[in-house]
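The analysis underlying the following values was restricted to heavy atoms, covering all of them including side chains, and did not include hydrogens, waters or symmetry mates. If you're wondering where the values come from, they're calculated on a predicted model, not measured in any experiment.
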Amino acid sequence: MSTLHRPGVAAGRDAQALHRAATPDYFGWLEHTRTAGGCARPIRLTGTMTAVDRDTGRVLAEQHTDELPDRVLYKACGNRRAAQCPDCSWVYAGDAFQVVRCGLTGGKTVPVSVARHPVVFATFTAPSFGPVHHRHVPRHTCADRRRCDCRPAPCHARRDAVTCPHGRPGVCFARHDSADPQLGRPLCLDCYDHDHQVVWNVFAGELWRRTKQAVERYLAALCHRRGIHKVEVVADSGRVRRVPPVRVSHGKVAEMQRRGAVHFHVLLRLDGVDPGDRHALVPPPAGITVDDLVAAVHAAAGQITFATPPHPDRPQGWSIAWGEQVDARRIGTGDGDVTDARVAAYLAKYATKATEVTGHCSTRLTPDTVDAYADPEGDHLARLIDACWRLGRPTRHRTSDTAAQAEDRQGDLDTTPHPYAGLRRWAHMLGYGGHFLTKARRYSVTFGLLRDTRATYRRADDGSVTVGTLAFVGSGWLTDGDALLANTAAAERRERSRVGREELAHELWSGVAA
């Protein structure tokens with residue numbers, strides 16, 4: 001039972017809420033906390049806010065946070081992870097939707113002509129590091145995949161009885177439900193290559209960088225074979241350069257699989273090059289089509305592979321490549337499953353996730369906390385975290401025996417830079433330290449632009465700017481009762497806004513129909 005839902009705690013929370021609501025400045029407090037209402041752990045700041053005339057620089061007004069309710073300024077934490085702060089992740093998901101959607105249809109400084117550019121939605125997965133329990137539906141008969149109730153195939157069915165070198169069965173005839181906790185878990189923990197998986201997570205970003213370069217090289221070579229010549233553009237330095245007539249802009253979301261390996265969902269948009277303005281977004285040459293982009297994705301995914309730098313535990317390094325399941329679909333804006341709106345909503349949803357699907361959710365690990373999660377003889381997640389901590393140890397520790405590992409865990413965090421140092425820093429993310437939503441510079445608008453636009457809309461333009469000299473004093477609401485009141489008020493405001501939008505849309509539609 002959750003702490004806040006225990007009878008004693010709930011009673012104390014209700015009493016705190018009643019006490020706050022009975023204060024004379026209750027409605028002023030609600031308005032004061034409006035910008036952070038709904039946030040699970042708002043940031044509390046103290047200091048001075050000064051209103052300055054935008055033209056002359058003259059100080060118009062000054063206020064200290066001691067004059068505000070609770071003597072602090074509340075600011076939403078802005079955490080993108082839904083497991084940490086549902087309200088802030090909801091805002092982040094809305095911004096992510098706009099970033100992805102504008103790259104497909106235009107709008108918000110992106111020309112609407114991009115809607116006519118060829119776009120491919122590609123999925124790149126990690127290779128196999130050992131057999132795991134999975135759920136596979138050979139043929140869907142359901143009307144809605146989000147509520148799929150189709151019967152899955154057996155997990156790992158074989159005619160002959162197979163056992164692994166450790167004596168465990170290599171078959172599984174279960175038809176796993178979508179919520180089965182066994183999904184993503186290895187059939188044999190000792191056979192599974194946990195070290196290779198966490199190393200793959202570390203180098204997945206580099207693998208994607210090389211893959212995109214290979215896609216662009218494939219298209220450049222294709223243009224050359226078809227007689228589409230390079231374009232001369234003027235660089236910022238004033239120097240004239242000859243560049244390929246096509247370029248690829250991407251928006252990418254990382255999703256963590258149940259087994260703890262990341263895979264990427266990528267939107268690849270084919271753009272042309274304008275000799276007069278190299279920053280302009282123009283259609284690609286007529287001789288290059290979306291089919292060529294699909295072929296480039298498959299060719300690049302199949303040819304890119306490299307070995308990681310040597311490691312004391314594995315001098316030859318590990319091989320980094322994509323798995324066999326590489327999917328590339330054309331994006332359309334009409335009816336169908338793969339539309340711009342559905343893809344944008346799908347990517348925005350996963351931009352707020354992290355490792356929750358694996359069953360692990362923690363903050364950054366330290367030598368004092370790692371032993372609560374890492375265990376070389378534990379379950380799948382415990383072994384992955386142990387592999388991160390062991391392989392990411394400082395280079396001066398070259399032994400892998402149990403005593404050395406225990407001594408190393410009590411020592412300092414990595415002080416010696418090496419290619420695997422990030423494994424310890426991102427052990428709570430099972431080795432993956434990249435951003436969960438990234439994009440090419442030319443693909444779409446930025447999160448910063450969306451946030452600045454929202455702030456400008458909320459702020460009255462009276463010719464002044466506010467300069468804050470603020471310091472961090474803590475995070476979270478002062479009491480559970482305050483959290484209940486602020487979050488309830490925020491939920492009611494969101495509901496009123498949603499109902500208002502629906503009524504306005506209904507009135508507009510009724511007027512058009514009339």
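- When side chains are defined from C-beta on, V246 does not count as touching D271, because their heavy atoms never get closer than 4.5 Å.
- Side chains of I228 and H224 form no contact here, defined as non-hydrogen atoms less than 4.5 Å apart.
- Applying the 6.0 Å contact sphere to CD of Q316 captures more than 12 heavy atoms from other residues, nucleotides or ligands.
- Side-chain atoms of H265 and T123 form a donor-acceptor pair, as typed in the model, at a separation below 3.5 Å.
- Qualifying side-chain contact (heavy atoms from CB on, under 4.5 Å) partners for A382, counting only residues two or more places apart in sequence or in other chains: D375, D379.
- For R116, there are no salt bridge (charged side-chain N to carboxylate O under 4.0 Å, His left out) partners at least two apart in sequence or on another chain.
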Side chains of residues 296-306: which donor-acceptor pairs under 3.5 Å do they make with residues two or more places apart or in other chains?
from: T305; atom 1: OG1; to: I320; atom 2: O; distance (Å): 3.3

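- Judged purely by distance below 3.5 Å, without hydrogens or angles, the side chains of T308 and Y420 pair a donor atom with an acceptor atom.
- Counting only heavy atoms from C-beta outward, the side chains of R185 and V132 never approach each other to under 4.5 Å.
- The shortest distance between side-chain heavy atoms of E324 and P127 does not fall below 4.5 Å.
- Within the structure, every pair that satisfies the side-chain hydrogen bond (donor to acceptor under 3.5 Å, both in side chains) test and touches residues 194-211, not counting sequence neighbours, is listed here: Y192-Q197, H194-H380, D195-R390, E206-R209, E206-R210, T211-W322.
- Judged as a side-chain hydrogen bond (donor to acceptor under 3.5 Å, both in side chains), and not counting sequence neighbours, S128 has no contacts.
- For H176 and H134, the ring centers sit 6.0 Å or farther from each other.
- By the side-chain hydrogen bond (donor to acceptor under 3.5 Å, both in side chains) test, D327 is found to be paired with R329, residues two or more places apart in sequence or in another chain being considered.
- Atom NZ of K349 has 12 or fewer neighbouring heavy atoms from other residues, nucleotides or ligands inside a 6.0 Å radius.
- Annotation: side chain of Y443 is not in contact with side chain of V110 (no heavy-atom distance under 4.5 Å).
- Residue pairs meeting the salt bridge (charged side-chain N to carboxylate O under 4.0 Å, His left out) criterion with at least one partner in residues 427-441, sequence neighbours excluded, do not occur; the list is empty.
- At a threshold of 4.0 Å, the pair D180-R258 does not count as salt-bridged, since none of the basic side-chain nitrogens sits closer than that to a carboxylate oxygen.
- Under the side-chain hydrogen bond (donor to acceptor under 3.5 Å, both in side chains) criterion, Q98 pairs with no residue, sequence neighbours left out.
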Could you walk me through whether V99 and T446 pass the side-chain contact (heavy atoms from CB on, under 4.5 Å) test, one step at a time? CA-CA 7 Å; V99 168; T446 64; over 6 Å; no
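- The shortest side-chain heavy-atom distance between V231 and P275 falls under the 4.5 Å cut-off.
- Aromatic pair Y350/F436: ring centres not closer than 6.0 Å.
- Contact annotation: the side chain of S178 approaches that of R135 to within less than 4.5 Å [non-hydrogen atoms, C-beta and beyond].
- Environment of CZ in R241: sparse, with no more than 12 heavy atoms of neighbouring residues, nucleotides or ligands closer than 6.0 Å.
- Applying the side-chain contact (heavy atoms from CB on, under 4.5 Å) test to A348 and every residue at least two apart in sequence or in another chain returns A96, F97.
- With rounding to the nearest 0.5 Å, the separation of CG in L268 from NE2 in H117 is 14.5 Å.
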Validation: residues 278-290 side-chain donor-acceptor distances under 3.5 Å, sequence neighbours left out:
from: R278; atom 1: NE; to: V234; atom 2: O; distance (Å): 3.4
from: R278; atom 1: NH2; to: D236; atom 2: OD1; distance (Å): 2.5
from: R278; atom 1: NH2; to: D236; atom 2: OD2; distance (Å): 2.8
from: T289; atom 1: OG1; to: D291; atom 2: N; distance (Å): 3.4
from: T289; atom 1: OG1; to: D292; atom 2: OD2; distance (Å): 3.4

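- Among residues two or more places apart in sequence or in another chain, the side-chain contact (heavy atoms from CB on, under 4.5 Å) test is passed with P315 by none.
- With a 4.5 Å cut-off on side-chain heavy atoms, P309 and F203 count as touching.
- For the pair V112 and G107, the tightest heavy-atom approach, listed with the atom from each and the gap, is CG1-N, 4.4 Å.
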Working note: D95 + R454, criterion salt bridge (Lys or Arg N to Asp or Glu O under 4.0 Å); need CA distance, chi angles, decisive distance, verdict. CA-CA 10 Å; D95 288 347; R454 188 162 53 245; 2.9 Å; yes
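- For the residue pair T366/T369, the side-chain donor-acceptor check at 3.5 Å is satisfied.
- Sorted by first and then second residue, the side-chain hydrogen bond (donor to acceptor under 3.5 Å, both in side chains) pairs involving residues 73-89 (not counting sequence neighbours) are D70-Y74, R81-E356, D87-R494.
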